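In listed order, ligands and their atoms are each counted from 1. Values in this document were obtained by computation on a predicted structure and should not be read as measured data.
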Amino acid sequence: MTPRVTLICLGGTIASTSSGDRGGVAPNLRGENLLAGLDQEALVAQMDVIDVATVPSWDLNFEHVASVIDEIAKAVARGSTGVVITQGTDTLEEVAFAVDLLVDTRVPVAFVAAMRHSGSPGSDGPANLRDAIATVLDPRARGLGCIVVMNGEVHHAADVRKTHTSSVGAFSSPDVGPCGWIHEGALHLRARSSHGLKLHVEEPASIRTPPLVRLGIQDDGWWLDPVRSLNSGLVIEGLGGGHVPSSIAPAVEELAREIPVVMTSRAGRGSVLTSTYDAPGSEIPLRRAGVISAGVLDGIKARVLLGVLLAQKASRADIEYAFARCGSR
Ligand code: ASP
């Protein structure tokens with residue numbers, strides 16, 4: 001029997017062509033156009049194409065995430081072997097991580113995008129799309145969770161980041177590397193393990209992400225009052241191992257007693273420290289005051305995870321558990 005793959009399209013560079021005489025490109029291709037760019041003989045699946053949006057990914061929001069979740073549920077119900085989602089690269093790591101948290105299925109879900117639009121030499125969209133389809137058709141992809149397939153590599157959604165503005169190799173998993181790659185058209189898996197955390201939100205479209213504050217030298221905490229007035233939560237990208245200037249540490253600790261305050265690191269790799277420093281502003285007193293460690297999750301992912309948990313009205317214990325589980329890879 002011919003396997004079925006559902007292709008869900010959101011726009012992005014992979015769907016972009018010249019928009020006329022303005023000199024640039026913009027998303028305007030639909031799913032059927034993306035499939036037309038592939039070698040039809042090599043396309044071994046029946047493709048069900050769903051165009052959810054045709055927008056740049058800086059315009060994606062949780063309504064789009066909710067639509068994607070609905071479409072994945074429908075795809076699973078009609079017996080799809082796998083789901084492939086195309087979108088822009090700018091927010092790919094966030095959408096993929098949100099869907100990874102909110103969708104519980106063994107059917108492989110692969111996000112894919114392009115760094116070069118379809119009219120540019122060496123456009124990477126068709127090869128990436130072909131690789132993503134091959135990946136979700138491979139039985140070993142079952143149960144992998146959400147993955148990102150780019151530039152011949154496969155990354156777990158929780159690990160991957162866009163780490164270059166224009167390279168075709170823009171996506172990497174700085175802490176753990178790719179979990180697999182595509183070689184001669186076939187999937188090679190190096191590692192299977194993902195965090196495995198699944199969360200349920202009644203209305204994903206209602207998710208609101210909390211503020212994310214990146215600290216620098218001599219930060220004076222001007223953002224503390226605006227953040228307090230929102231009364232939701234806060235993600236800090238702290239200095240080094242997750243530190244704040246001692247001058248603002250008492251105010252951060254006070255805030256952490258009122259709302260969930262999650263600490264990540266602006267360093268880009270490695271986990272937030274838990275037990276090395278005890279000077280004011282460092283991890284030991286911050287943790288004692290209730291600041292929650294995000295482990296290896298970066299600020300962008302912690303913001304998504306905390307947004308999902310706040311939408312669930314999760315308890316402090318549940319928030320700590322979720323970050324411990326996702327952040328300890
Ligand atoms: N640079 C982006 C892309 O790769 C534009 C976007 O994110 O939509 O698709």
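- Contact annotation: for P27 versus ligand 1, there are no heavy atoms closer than 4.0 Å.
- Note: the hydrophobic cluster containing V296 does not contain I319 (ILVMFWY, side chain heavy atoms under 4.5 Å, direct or indirect links).
- Scanning all protein heavy atoms for the shortest distance to atom 3 (C) of ligand 1 gives T13 OG1, 2.8 Å.
- Identified under the side chain to side chain donor-acceptor pair (under 3.5 Å) test for residues 204-213, with sequence neighbours left out: T209-R303.
- Using the six-membered ring where Trp is involved, H188 and W181 have ring planes that are parallel, under 30° apart on the 30 and 60° scheme.
- Nearest protein neighbour of atom 7 (O) of ligand 1, counting heavy atoms only, is S57 OG, 2.5 Å.
- In this structure, S16 has no heavy atom closer than 4.0 Å to ligand 1.
- Within the set L60, D90, D59, T91, the minimum heavy-atom distance to atom 2 (C) of ligand 1 is found for D90.
- Here the side chains of M263 and V244 are in contact, with some heavy-atom distance below 4.5 Å.
- Near G12, meaning under 4.0 Å from any of its heavy atoms, are these atoms of ligand 1: 8 (O), 9 (O).
- Taking the salt bridge (charged side-chain N to carboxylate O under 4.0 Å, His left out) definition, one finds that D124 meets it with nothing, sequence neighbours left out.
- Remark: ligand 1 atoms within the under-4.0 Å shell around heavy atoms of A114 are 4 (O).
- Nearest protein neighbour of atom 4 (O) of ligand 1, counting heavy atoms only, is T89 OG1, 2.5 Å.
- Between the D138 side chain and the R140 main chain, a donor and an acceptor come within less than 3.5 Å of each other.
- Close placement of the H243 and Y277 rings is indicated, their centers lying within 6.0 Å of each other.
- Residue P56 approaches ligand 1 through these ligand atoms, each under 4.0 Å from one of its heavy atoms: 8 (O).
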